[in-house]
Number of protein chains: 4
Amino acid sequence: MTSGRPRDEGVRRNILTATQALVLEKGYAAVTTTEIAARAGAGKQTIYRWWPGKGALVLDAFSSWVEQAPRTARRRPSLSSTLVEFCRAATHAAPVLRALMAEAQFDPALHARLLAQLVRPRGDELRACLTDRRAADRELVVNVLSGLVWQRLMLNEPLDGRFVRFALRVVGRI
Amino acid sequence: MTSGRPRDEGVRRNILTATQALVLEKGYAAVTTTEIAARAGAGKQTIYRWWPGKGALVLDAFSSWVEQAPRTARRRPSLSSTLVEFCRAATHAAPVLRALMAEAQFDPALHARLLAQLVRPRGDELRACLTDRRAADRELVVNVLSGLVWQRLMLNEPLDGRFVRFALRVVGRI
Amino acid sequence: MTSGRPRDEGVRRNILTATQALVLEKGYAAVTTTEIAARAGAGKQTIYRWWPGKGALVLDAFSSWVEQAPRTARRRPSLSSTLVEFCRAATHAAPVLRALMAEAQFDPALHARLLAQLVRPRGDELRACLTDRRAADRELVVNVLSGLVWQRLMLNEPLDGRFVRFALRVVGRI
Amino acid sequence: MTSGRPRDEGVRRNILTATQALVLEKGYAAVTTTEIAARAGAGKQTIYRWWPGKGALVLDAFSSWVEQAPRTARRRPSLSSTLVEFCRAATHAAPVLRALMAEAQFDPALHARLLAQLVRPRGDELRACLTDRRAADRELVVNVLSGLVWQRLMLNEPLDGRFVRFALRVVGRI
DNA sequence: ACATAATCGAGACGGTACGTCAGGTCTTCCC
DNA sequence: GGGAAGACCTGACGTACCGTCTCGATTATGT
């Protein structure tokens, strides 16, 4: 039996939208929950009712945004195209990704969420491009690529075409 | 011509020691500059006179600690032994390294310091083990290894023997 | 040994002045500590460092204000003139006095402060006008007068000339 | 024409009972409407439908409780017995009475209710004991007694036998 | 010797975000 | 329409930490 007033989906969307907009405008660190609430026309309590804090909120706001790939999986996508798309999206969202990964280092719960919503799905995507490899090799390649990308992000270096070529060259050697 | 009271080296050491102790006890995030000053028997101003903030202070406190290997470089050290030592030290200091890299994402100045004092020196160390490779390959290997290690740290996975073997296997394939 | 930066008296006065002004402008209940801090150009913490809360702060701001009687005690002041002056001051400050006494009902510490800083001094003043009475009668009269005044305040009835005459008639009968 | 479901008297009694219990357990200030609703097995809206707020609710809950004296008025009751009964009841309910009078200072509507339901009825009771006095004297005595009692309450001093004797001595002198 | 100048411990200060709490309203379904 | 449940907006609260500042005391150099 579900009694009481149901959660207002419009409010939820307003909050996520406001979060996205504000984080893009001013950067993760400069945004406050109070400000998000104000922009969303919501109460602060409503935010804290549904998210444990700024980190989780921003993660939600951007994980839906990052996953905008329609995934019209015809056949197995190529590794290179996947990687290109991967880097394109990551470049756009780079400041947010860096901030989220950083924040996650101070917040175990956020760390788990980040893994489940961002890190693992992207790894799985890569893995799906490697069905022609032996299982052990697959893990190896996925780890190396993921490591290269995240390191690049954290060191604030560009995820551009040069990087993609570099990464593919590495993979080719394995 | 330098007049005025000279810097007290004992105070500097007290502060670094107190920082180390407190960060190990309670973790980076839970420590405050005020607390460090109190423990060191120092004034807050003395800290801010010599360091720009908590991040740089902790970096100093631990970069001297991480690099305590005397580096009795006879000849070129082996890659595997270097990597093992590397991981051993990183495992001990893992929570601090994670926190520093995280904090650096919000603080460009700290980011630069971190690169200069921790990331690059370790990369150079690795590079020095690869003098038998072609220059292009060297960069490739250093990048991959560094990426694997930092990713491992940020994802809070162990830098144990299994990881070392895994990393060496990757390098062997390149 | 008094070390450290000494308390800034100017800040203290700014806070008290801002408190007074705001309470007179908008009434006790509508004023917040945040607002007082902003108006005084002070930090909220500075307020909480020196006062336990809004109540004590307002009490301080107005107890110095209520006691503006120069007390050029030549001889024993007459009861009637004291009572007139008393009511004049209380009429002005009535909303604040009501609010303070009300707040004190929820806050034992404020209650004690209120007694010590406002209630008892005023009682002593009245007592000083009754040196020609027997001690027991003195207490009786002081209690009755004080009771009449506070009741009047709490019931939000005017402390005007009519009330003074009424009160004096009562005392005359005792 | 009154259509729709009629008010549920059982719910009303549950709410008043829960209010009484909670206020006696934890004190007026520590009780919230949400809590009262929960204890009464009622919805918050049901409370706000019938009472303007916590103050009025508590007033109702206790005014029926304070006036539980059956008032078997044979003839004119004596002043002293009335005062004794008065103080006995007030002593029991002292914390609630203090809180209500305090709250009323911030809430004009509650102030009016408090006067009508508690202050004036008690005054009338006293007045009824003084039919042998001249009208002007009656008001005087009622005011003095009422003032003494409320002052005593607000200053958190006991309304015990000693106080009653004191009050009667005052009245005797008038 | 004595002024100059910088360091040091202590702690007050302005500022800003935090997460919590209570009040009172609104929205659902059920009777 | 009454009622239970509970989401919602609003706005104050008191705390925490940051980095700066202002004291008095100390310790070096330069005259």
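To find a chain, count down the sequence lines: A is the first, B the second, and so on, and within it residues start at 1.
Residue W51(B) is out of contact with every strand shown, counting any heavy-atom pair closer than 4.0 Å. Within the 4.0 angstrom heavy-atom criterion, only backbone atoms of the sugar-phosphate kind lie near A42(A); the bases stay farther away. T33(B) comes within 4.0 angstrom of the backbone, heavy atoms only, and of no base.
Distance, N14(B) CG to dA10(E) P: 12 Å, rounded to whole Å. One atom, CZ of F106(C), and another, C1' of dA22(E), lie 14 Å apart when rounded to the nearest Å. One can place NZ of K26(A) at 12 Å from P of dT16(E), the figure rounded to the nearest angstrom. Atom pair I36(A):CD1 and dG19(E):C1' shows a separation of 14 Å (rounding to whole Å applied). When rounded to the nearest whole Å, the span between CZ of R12(B) and P of dC8(E) equals 11 Å.
Using a distance-only test at 3.5 Å, with no hydrogens or angles considered, no donor-acceptor pair links the side chain of T46(A) to the main chain of A42(A). A donor-acceptor pair under 3.5 Å is absent between the side-chain atoms of K26(C) and the main chain of A21(C), judged by distance alone. Of the possible polar contacts, none joining the E103(D) side chain to the G55(D) backbone as a donor-acceptor pair under 3.5 Å is found.
Within the 4.5 Å cutoff, the side chain of D107(A) has no heavy atoms near those of the H111(A) side chain.
Mapping T32(A) and D8(C) onto DNA chain E via the closest heavy atom, the residue that lands nearer the 5' end is D8(C). Taking the nucleotide of DNA chain E with the nearest heavy atom to each of I15(C) and G4(B), the more 5' of the two is matched to G4(B). Checking G41(A) against T34(C), the closest nucleotide of DNA chain F that is more toward the 5' end is the one next to G41(A). Comparing Q45(C) and G53(B) along DNA chain F, the residue whose closest nucleotide (by nearest heavy atom) sits nearer the 5' end is Q45(C).
Side chain of W50(C), nearest nucleotide from dC9(F), dC13(E), dT7(E): dC13(E). Nearest nucleotide to the T46(C) side chain, out of dG9(E), dC9(F), dG14(E): dG14(E). Side-chain proximity of R5(C) to dC8(F), dC13(F), dC13(E): nearest is dC13(E). Checking dC8(E), dG19(E), dC13(E) against every side-chain atom of K44(A), the shortest atom distance belongs to dG19(E). Looking at the side chain of K54(C), the nearest of the listed nucleotides dG3(F), dA7(F), dC13(F) is dC13(F). Residue V11(D) places its side chain closer to dA4(F) than to any other of dC18(F), dA28(F), dA4(F).
Counted within 6.0 Å of CZ on R49(B), heavy atoms from surrounding residues, nucleotides or ligands total more than 12; the atom is thus considered enclosed.
The phosphate of dC8(E) (OP1 or OP2) has a side-chain N or O of R49(B) nearer than 4.0 angstrom.
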